[in-house]
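Quick note: numbers below take in every heavy atom, side chains included, and nothing from hydrogens, waters or symmetry partners. Everything quoted here is computed from the prediction, not taken from an experiment. Atoms within a ligand are numbered from 1 in the order they appear, just like the ligands themselves.
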Amino acid sequence: MRRLNVELAARSYPILIGRGLLGRAELLLDHLRSPRVALVSNVTVAPIYGNAFIKALEGVGVGVTAIILPDGEVYKTWESLNRIHDSLLAARCDRATTVVAIGGGVIGDLAGFAAATYQRGVPFIQIPTTLLSQVDSSVGGKTGINHARGKNMVGAFWQPQMVLADTDTLQTLPPRELSAGLAEVIKYGLIRDLPFLDWLETHMDGLMARDGDLLAEAVERSCANKAEVVAADEFETAKDGGRALLNLGHTFGHAIETGMGYGEWLHGEAVAAGTVMAAELSRRLGWIGQADVARIVVLLKRAELPVRGPELGADRYLELMSHDKKVIAGSLRLVLLRRLGDAVTSADAPREEIVAAIEACSHA
Ligand code: NAD
Ligand code: GLY
């Protein structure tokens, strides 16, 4: 088992990564305030992992209230949040009850927001079962739901007590979901870890073949990057860079997700196409070269990710991007690449260059 720590003073917590960890429910015991949990999952993950994990928890003396939601990004809504709150109240869960999320990023974000808001906040544990959630969404405390006008527009920062990532769960992921997770893995290499980018280029075939050791290493190196960034800028308030850099490709990507209708493009797929747009814009600003853009495109293609966005029209992209959470005082800050392995936030990209990058990287 590999162990990392997210250093946030009194709210620090461990990330445990390894194979077979779902069989070790006792790992949670030191992180529970009382022997009572509300386990939130969905109709896909509960039969594969959730039900067995409930039995394992009961086996170590923990009482479980199971809350099973429908599956999909379209359910990352106010209604699902209400449903969790209703179930917590119906089961008389108290302030010492820990909400445990077992599933992908949708379940983690929803359950985390429910934990942040139920009785003004109860403890929370993340058990991510997709690659994307193991390398990104389970770490760092961003929780929330979507709004018809924009992704993740309602939510809270609420750090978990621990993250338990069993990398064996990645063996049952649909291929499209594995690829979507790799988009966020590649992101760490591009924004701050050039040796990791080189490593990914060497091992992409093994990762796509789901080599267990390679997947565990990719999760660990991604989480190590994320933990460092979050520890330095937990609430994304740094003026330049900081946590906002984790959003490389996301402003374009969120426009794709919202513009196409939630669930049509997977989050990671939209991030992949958005990353190419951000790279192309960086090239147009003279920061990176054509060969760098090509290197990014080749790696994303090897991960079977889309490298062009849908044809929404540049005006529609810009309209959707204007709702981004990185817009401050009307000014859109984009994450761009100064070099491979070195990202910056910039509010200075001329509109015509943004339009040109979108048009060059979306389907005609
Ligand atoms: P997801 O939660 O929809 O899961 C993808 C699919 O895989 C679902 O159908 C799910 O039921 C299924 N699944 C999950 N684990 C499985 C397994 N082991 N085997 C088989 N099927 C499995 O999608 P995701 O990519 O995990 O998460 C995307 C969400 O995460 C988006 O809503 C995005 O906004 C959010 N996100 C949040 C953060 C954050 O910091 N909080 C960061 C990145 C993304
Ligand atoms: N996924 C971006 C962040 O956690 O900040």
Side-chain angles (χ1 to χ4, degrees), residues 6 22 40-50 53 68-77 80 101-113 116 124 126-147 150-153 155-160 163 165-185 187-188 191 210 215 222-223 225-227 229-230 232-238 242-251 253-254 257-258 262-263 265-272 325-326 335:
V6 184
L22 278 182
V40 182
S41 191
N42 72 20
V43 292
T44 305
V45 177
I48 320 179
Y49 302 111
F53 193 64
I68 310 301
L69 300 170
D71 184 7
E73 184 76 38
V74 284
Y75 294 104
K76 196 172 147 184
T77 57
S80 298
I102 175 161
V106 169
I107 286 296
D109 282 12
L110 256 172
F113 191 31
F124 172 47
Q126 287 268 23
I127 305 189
T129 62
T130 61
L131 182 59
L132 185 139
S133 57
Q134 293 188 355
V135 299
D136 191 350
S137 63
S138 64
V139 175
K142 281 190 182 175
T143 73
I145 55 175
N146 297 329
H147 187 281
K151 276 276 296 175
N152 300 329
M153 278 296 159
F157 284 98
W158 194 246
Q159 298 293 346
V163 179
D166 181 342
T167 51
D168 281 346
T169 61
L170 304 179
Q171 298 302 330
T172 57
L173 261 191
R176 227 180 124 190
E177 302 291 350
L178 184 79
S179 294
L182 285 169
E184 301 280 20
V185 173
K187 168 187 84 180
Y188 294 111
I191 62 169
R210 304 188 194 215
L215 284 170
S222 299
C223 285
N225 272 296
K226 178 132 190 195
V229 172
V230 169
D233 183 22
E234 182 182 5
F235 298 111
E236 206 169 307
T237 47
R243 186 166 181 168
L245 299 183
L246 295 173
N247 287 318
L248 176 69
H250 284 56
T251 304
H254 286 162
E257 283 185 88
T258 310
Y262 297 130
W265 277 56
L266 300 182
H267 176 72
E269 293 171 341
V271 165
K325 292 191 290 306
K326 287 188 298 306
V335 182

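For the pair D109 and K142, the salt-bridge criterion is not met [side-chain N within less than 4.0 Å of a carboxylate O].
Every residue two or more places apart in sequence or in another chain that forms a side-chain contact (heavy atoms from CB on, under 4.5 Å) with T258 is listed here: K151, Y262, L320. Every residue meeting the side-chain hydrogen bond (donor to acceptor under 3.5 Å, both in side chains) condition with D136, not counting sequence neighbours, appears here in chain and number order: K187, K226.
Defined by atom type and a distance below 3.5 Å, a donor-acceptor pair is missing between the side-chain atoms of H250 and E257. Residues Q126 and S133 have side chains that never bring a donor and an acceptor to within less than 3.5 angstrom of each other. Looking at T172 and Y49, their side chains do bring a donor and an acceptor atom within 3.5 Å of each other.
In this structure, the side chains of T129 and L173 stay at 4.5 Å or more apart for every pair of heavy atoms. Side-chain contact between F53 and I127 is present, with at least one heavy-atom pair separated by less than 4.5 Å.
Closer than 4.0 angstrom to ligand 2 sit non-hydrogen atoms from D136, K142, K226, E236, R243, L246, N247.
With Q171 contributing its side chain and R210 its backbone, the two residues share a donor-acceptor pair below 3.5 Å.
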Under a 3.5 Å threshold, I'd like every N/O contact between ligand 1 and protein atoms, with atom names and distance.
| unit_1 | atom_1 | unit_2 | atom_2 | d |
| --- | --- | --- | --- | --- |
| ligand 1 | 2 (O) | G105 | N | 3.1 |
| ligand 1 | 2 (O) | V106 | N | 3.0 |
| ligand 1 | 9 (O) | D71 | OD1 | 3.1 |
| ligand 1 | 9 (O) | D71 | OD2 | 2.7 |
| ligand 1 | 11 (O) | N42 | ND2 | 2.9 |
| ligand 1 | 11 (O) | D71 | OD1 | 3.1 |
| ligand 1 | 11 (O) | D71 | OD2 | 2.9 |
| ligand 1 | 15 (N) | T129 | O | 3.4 |
| ligand 1 | 15 (N) | T129 | OG1 | 2.7 |
| ligand 1 | 18 (N) | T129 | O | 3.0 |
| ligand 1 | 18 (N) | T169 | O | 3.0 |
| ligand 1 | 18 (N) | T172 | OG1 | 3.4 |
| ligand 1 | 19 (N) | T172 | O | 3.4 |
| ligand 1 | 19 (N) | T172 | OG1 | 2.7 |
| ligand 1 | 26 (O) | G105 | N | 2.8 |
| ligand 1 | 26 (O) | T130 | OG1 | 2.6 |
| ligand 1 | 27 (O) | G105 | N | 3.1 |
| ligand 1 | 32 (O) | E73 | OE1 | 2.8 |
| ligand 1 | 32 (O) | E73 | OE2 | 3.0 |
| ligand 1 | 32 (O) | K76 | NZ | 2.8 |
| ligand 1 | 32 (O) | K151 | NZ | 3.2 |
| ligand 1 | 34 (O) | K76 | NZ | 3.1 |
| ligand 1 | 34 (O) | K151 | NZ | 2.7 |
| ligand 1 | 34 (O) | N152 | ND2 | 3.4 |
| ligand 1 | 41 (N) | D109 | OD1 | 3.0 |
| ligand 1 | 41 (N) | K142 | O | 2.8 |

